[in-house]
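Worth saying up front: this structure is predicted, and the values here are computed from it rather than measured. Each chain gets a letter, A, B and so on, in the order its sequence line appears, and its residues count up from 1.
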Amino acid sequence: MNHPVTPSSAGTSRRGQASFPVWRYLVAAGAVLTLGAVVLARLAMLQLGPDRRLWADLQPSTYSEYVYIPRGLIYDRNGHLLAGDVLGYEVDLNLALVPKAELSRVARDLAAVLRMDPAQVEVHLQEAQAKADAGRGPVLIRLVPYVSDEQKDALEQMASSWFYLNAKGKRVSFRGALQMYRTARRAHPAGDLAANVLGIVSEWDGKGHYGVEGYYEGVLRARRGWFRRPFAPWSAAGDRHLRKSPATLYLTIDSALQAAAEEEARRALENTKSESAVIIVANPHTGEILAMAVAPRPTDDDRDAALAYKAKYQGFNLAIEKPYEPGSVFKVITMAAAIDAGVVTPDTVYHDTGVYKVSGRGIPNWDRGAWGDQTMVGCLGYSLNTCLAAVAHDKLGKKRFYTYLAAFGFGRESGVDLAEEQPGGYRHDFGQYSDGWTDYDLAAQGFGQAILVNPVQMVAALSVVANGGYLITPHVLKYEIEEGRTYPYHPQVQQQVISAEAARTMRQMLHEALPMETKTALVPGYSVAGKTGTAQIAVPGQGYSWSVTNASFGGWFPADDPQYVIYIWLQRPRTSPWASVVAAPVFAEMVKRVAVLEKVPPDDVRAKLQPPAQP
Amino acid sequence: MGERTVSTSRMPRWLQGTDGWLLLAVVILALWGLVMVYSTGAEVEVLRTPQGAAVDPLALFRRQAMFVAIGAALAVLLAAIDYRRWERWAPLVLIGTWLALLAVLVLSRLSGGVGRFLLGGSFQPSEIAKVATVFYLAVWLARRGEKINDREYGLMPLGFLVGVSGGLVMLEPDFSAAATIVGIGFLMFFLAGGSLRQLLLVVVAAVAGGALVVLFYPQGLSRWSGYVAGLRDPRQAAYQIRLAMAAVSRGGLLGVGPGQSQLKVSGLPLAHTDSVFAVVAEEFGLVGAAVMIFLFGVVVWRGIGIALRAPDRYGRLLAGGLALWLGLEAFANMAMIVNVLPLGGNTLPLISYGGSSLVTTLVAVGLLQSVARASARAQQAERSDTGAVVSLRGRDRRRRVSRAVRSASVRR
């Protein structure tokens with residue numbers, strides 16, 4: 001079997017050694033190399049052949065990762081940041097990992113770092129442990145909803161020396177009992193500005209409440225929790241499902257205008273000694289709310305303070321949450337309806353005897369005087385209750401009047417994109433809320449009593465007159481940016497309420513009527529239109545009182561081309577009950593502030609800039 | 001395989017007799033191995049670093065580079081020293097290996113787990129056991145000479161030697177390494193001239209032993225059934241093999257490019273060690289994998305060539321055994337990755353991450369070169385005995401002879 005001709009084998013045999021089976025080496029090498037060849041063939045099948053397509057549906061393996069994506073940002077219309085997140089940590093304690101004997105030491109250590117009262121922390125921990133032992137509470141408890149990164153480092157440092165001796169006398173670390181997760185707390189670079197519009201983010205549930213934060217919780221909310229991720233660091237496909245970022249919101253609010261409105265509201269509150277003040281500035285053509293100020297303001301993002309504020313003022317944002325009887329400012333609505341229905345013209349004369357009798361009750365004027373023959377313009381100018389009661393009750397009648405009220409948006413939510421809007425309501429002759437309805441209600445509603453509205457509804461209704469007859473949903477969102485795409489808020493026209501002609505007539509009437517009695521609302525250089533509203537407040541046990549009122553003013557400017565609807569509401573002013581005294585000057589001040597900030601040219605300048613529009 | 005004159009003329013004296021092809025193949029493979037550790041090591045480091053701690057993505061690469069240096073130094077040393085000088089150390093090496101294997105067993109039993117490492121995880125005696133077995137068997141079989149076919153002198157003591165080494169490794173438990181040692185024993189017995197009847201006996205015994213292992217070894221059955229299922233439908237193969245084959249397929253003809261493997265970070269287990277060939281095939285494609293197979297083929301081819309030229313029986317068996325072991329280890333690992341062989345746990349020499357395997361492999365290469373150089377010296381000695389050939393360059397330490405032609409024409 002030897003290979004006799006191979007020189008090397010011949011060489012070895014010459015040296016007198018055993019015969020050299022060369023073939024064995026060649027066979028063994030051949031066998032090994034054959035294995036290599038088989039591998040190569042299989043590789044070709046896998047890499048070039050049909051087996052290549054076997055793996056299309058192979059899912060990469062995954063791992064769990066704690067992900068925290070901060071809550072969406074909120075900007076004003078000019079890109080000034082109103083609300084953002086500051087990152088920190090949530091601190092949890094797993095009671096199952098803390099031996100009972102160590103509880104007081106743990107409480108002491110934690111309190112020292114967190115600057116809390118050790119006794120209080122200990123009691124808290126003991127209660128939680130007792131509950132957990134009884135099976136009534138969780139073993140993993142939340143200690144603090146938010147600590148800064150520095151505090152978190154300090155906590156970890158401190159917990160690294162947590163040891164206890166177990167039954168065998170061995171040192172056991174229970175540092176693992178302390179669990180900290182990424183979280184954030186809401187921060188407002190502009191401080192309290194627009195706090196009533198923004199709402200709050202609770203540290204305890206991480207959710208938005210009230211205002212924009214509450215309304216847009218769904219798109220704003222932070223994404224947090226354990227996510228399963230594929231082992232594919234560069235696979236964007238794997239990231240998309242969890243990296244879907246919260247939206248960024250741009251509001252219609254203008255920070256400068258909002259600040260001005262808040263300043264005016266605060267000043268009005270002090271000057272008139274009112275309980276609260278609300279100022280809204282809106283664009284009547286788009287429904288954009290440019291400023292929505294309340295005084296006093298809810299304070300910056302503290303849950304307890306917010307709840308206390310809400311309890312005290314019966315609403316977090318009085319501009320939407322506390323419906324009230326608007327009084328005479330509502331006469332605009334009644335008159336607009338009557339003009340549109342064609343039952344009166346501006347020159348229709350009403351003979352005022354000082355009292356309007358309905359359902360066996362008498363309705364007096366605000367001064368209990370009799371004003372004789374008055375045109376409809378005079379009725380608005382001198383704010384005659386008797387006249388408007390007659391228009392509502394006699395001229396329009398209940399069917400038409402209530403149809404118009406519904407068309408103007410009363411009795412339901414205005415649809416403003418702020419959480420917790422209260423729509424108010426009114427008694428009417430049919431269906432719901434018809435219990436106890438009398439003709440007196442109809443007559444009283446004609447001049448703004450016996451009906452609850454919120455200021456935003458009033459803004460929307462006044463905008464109908466200002467913009468030529470359309471009810472447009474008021475809103476605070478300008479556009480939303482999500483995943484790099486911009487979604488603008490498109491103004492929503494709900495319906496045409498009155499004709500453009502009726503609206504123009506109405507604007508002209510108000511422009512003429514305003515100077516008759518309410519000169520305090522006038523602004524030099526700018527034509528304005530509007531209506532005061534002084535509404536008695538029903539005091540329990542006493543009925544309506546002349547000394548306790550809601551003073552309102554609703555109007556717009558420029559009168560011939562309305563660009564800004566401004567609404568003022570002072571609750572229970574004490575220097576004077578009359579809106580013409582307390583609310584109208586606030587309107588005038590706001591007109592000046594808006595004109596300056598928005599660079600609205602005075603009427604004479606404007607007349608030179610553009611062909612005069614029909615008022 | 002014809003007569004090859006060992007080129008004395010082209011090499012500097014200190015390299016005389018060194019096998020250039022083998023050297024080139026090994027150098028390329030070792031550098032390629034560093035590239036693969038660079039490619040796969042970072043992910044391993046990310047996964048094993050505790051959360052929050054800084055990740056050192058080059059930690060494995062640096063360690064591997066250090067072992068390449070150590071291994072290369074050892075290889076140069078062993079190549080420089082005549083392999084015959086180690087002959088009398090053989091029993092000591094074997095006993096030392098056994099002791100190390102025993103130490104692993106004892107220490108791992110004490111700590112209550114599975115263990116394959118010594119010295120804090122940096123030294124894996126089962127890798128050493130492979131090359132030690134080749135070395136000892138070469139010495140032992142060479143001394144037995146023709147008597148190995150006498151059962152009492154040959155097969156039985158051989159079975160005992162291989163059985164002790166393999167058994168100790170098996171107990172760790174490391175089935176793949178044990179199978180490799182048994183395989184080495186079989187191959188060396190075959191090379192040494194064992195009769196075919198006895199070899200058949202060994203094969204029967206090995207198959208029976210393998211069947212027992214499959215039945216009673218932990219994971220044995222599941223690996224075997226995974227292998228069989230994978231033969232029928234590659235998608236039913238074991239998890240590791242499925243992902244490995246997916247990686248291989250993803251590579252295509254030219255690969256996805258160095259460092260671009262996706263499967264190494266999306267679930268392929270042991271991408272830096274046992275499964276590294278799948279990453280090679282994914283990143284370098286069929287062409288790259290074929291080049292790697294070719295390079296290992298060169299190692300086997302040159303190793304067998306060295307064996308055939310070796311000056312004595314001991315050198316032949318040593319070189320043959322080492323070359324076949326390296327080829328077998330490499331191709332078996334690749335075969336497992338593509339489900340040609342059932343899944344084991346052996347590494348791809350020179351490419352897989354791991355110091356013991358790398359150093360052992362380079363030691364084997366050093367021994368191969370030592371045999372090559374010894375045979376070159378023997379050949380030269382033969383020539384000088386006959387006096388037939390004279391080196392005109394004076395490299396044979398004899399007096400210079402006058403040139404036959406003018407030097408200028410030679411230089412040309």
Side-chain angles (χ1 to χ4, degrees), chain A residues 1-3 5-12 14-15 17-22 24-63 65-66 156 229-235 238, chain B residues 1-4 43 145-146 187 190-193 233-235 242-243 245-253 262-263 265-267 277 281 285-286 289-290 293-294 296-297 300-301 303-304 307-313 316 320 323-324 327-328 330-332 334-335 337-341 379 382:
Chain A
M1 293 283 268
N2 284 1
H3 214 290
V5 292
T6 306
S8 57
S9 93
T12 45
R14 192 161 31 144
R15 256 178 257 136
Q17 291 204 359
S19 58
F20 181 11
V22 173
R24 287 176 184 256
Y25 283 77
L26 297 182
V27 165
V32 170
L33 292 175
T34 303
L35 182 58
V38 169
V39 169
L40 192 60
R42 183 81 185 103
L43 278 174
M45 277 172 71
L46 281 169
Q47 297 190 291
L48 303 180
D51 286 2
R52 202 168 172 195
R53 287 187 285 279
L54 284 176
W55 319 100
D57 57 342
L58 185 89
Q59 293 297 317
S61 62
T62 58
Y63 67 101
E65 187 192 36
Y66 188 81
E156 269 183 348
R229 303 198 55 199
F231 278 100
W234 49 71
S235 156
Chain B
M1 208 165 276
E3 165 76 306
R4 286 168 197 280
E43 184 68 14
E146 297 291 308
L187 277 175
F190 173 73
L191 292 183
D233 176 4
R235 277 176 300 189
R242 214 163 63 232
L243 290 180
M245 284 195 284
V248 168
S249 287
R250 205 170 161 267
L253 181 64
Q262 188 165 59
L263 272 293
V265 292
S266 62
F277 185 65
L286 180 61
I293 290 172
F294 173 75
F296 277 110
V300 174
W301 162 53
I304 293 297
L308 294 181
R309 287 192 307 275
D312 58 3
R313 198 173 153 79
R316 273 200 306 275
L324 291 177
L328 192 66
F331 294 143
M334 296 175 181
I337 291 298
V338 292
N339 207 43
V340 166
L341 287 179
Q379 221 168 31
E382 252 174 56

Original post:
Measuring heavy-atom distances to chain A, does B/F294 have an atom under 4.5 Å in its side chain, in its backbone, in both, or in neither?
Top reply: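 It is neither, since no heavy atom gets under 4.5 Å.
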Subject >> B/L253 portion near chain A, given a 4.5 angstrom heavy-atom threshold >> reply: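 Looking at B/L253, backbone and side chain both touch chain A.
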For the candidates [options], which exhibits the highest count of non-hydrogen atom pairs separated by less than 4.5 Å from chain A?
options: B/G327, B/G297, B/G252; value: B/G252
options: B/G193, B/G320, B/G285; value: B/G193
options: B/A289, B/G251, B/A281, B/G303; value: B/A281
options: B/V248, B/N339, B/V340; value: B/V248

Original post:
Checking heavy atoms, do the side chain of A/L48, its backbone, both or neither come under 4.5 Å from chain B?
Top reply: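 When you check distances to chain B, only side chain atoms of A/L48 fall under 4.5 Å.
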**OP:** Kindly give the heavy-atom pair with the smallest separation between B/L286 and A/A44, and that separation in Å.
**Re:**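 What the structure gives for the nearest pair is CD1-N, 3.8 Å.
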**OP:** Write down the atom of B/M334, the atom of A/V39, and the distance for their closest heavy-atom approach.
**Re:**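 That would be CB-CG1, 3.7 Å.
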**OP:** Evaluate the side-chain proximity of B/V338 to A/V38: yes if any heavy-atom separation is below 4.5 Å, no if none is.
**Re:**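 The answer is no, as the side chains (C-beta and beyond) never meet within the 4.5 Å cut-off.
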Original post:
Would you say A/L33 and B/F331 make side-chain contact, with heavy atoms under 4.5 Å?
Top reply: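 Yes, close enough: below the 4.5 Å cut-off.
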**OP:** Please confirm whether the backbone N or O of A/Q47 pairs with a side-chain atom of B/S249, one donor and one acceptor, at under 3.5 Å?
**Re:**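 No, because the side chain of B/S249 does not come within donor-acceptor range (under 3.5 Å) of the backbone of A/Q47.
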Original post:
When rounded to the nearest 0.5 angstrom, what is the spacing between CG in B/L191 and OH in A/Y25?
Top reply: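 One gets 4.5 Å once the value is rounded to the nearest 0.5 Å.
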Subject >> Residues that A/A29 engages under side-chain contact (heavy atoms from CB on, under 4.5 Å), provided they are two or more places apart >> reply: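 With sequence neighbours excluded, A/A29 shows a side-chain contact (heavy atoms from CB on, under 4.5 Å) to B/V300, B/I304, B/L324, given in chain and number order.
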Original post:
Which residues pass the side chain to side chain donor-acceptor pair (under 3.5 Å) test with A/R24, sequence neighbours left out?
Top reply: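 Result, side chain to side chain donor-acceptor pair (under 3.5 Å) vs A/R24: none returned.
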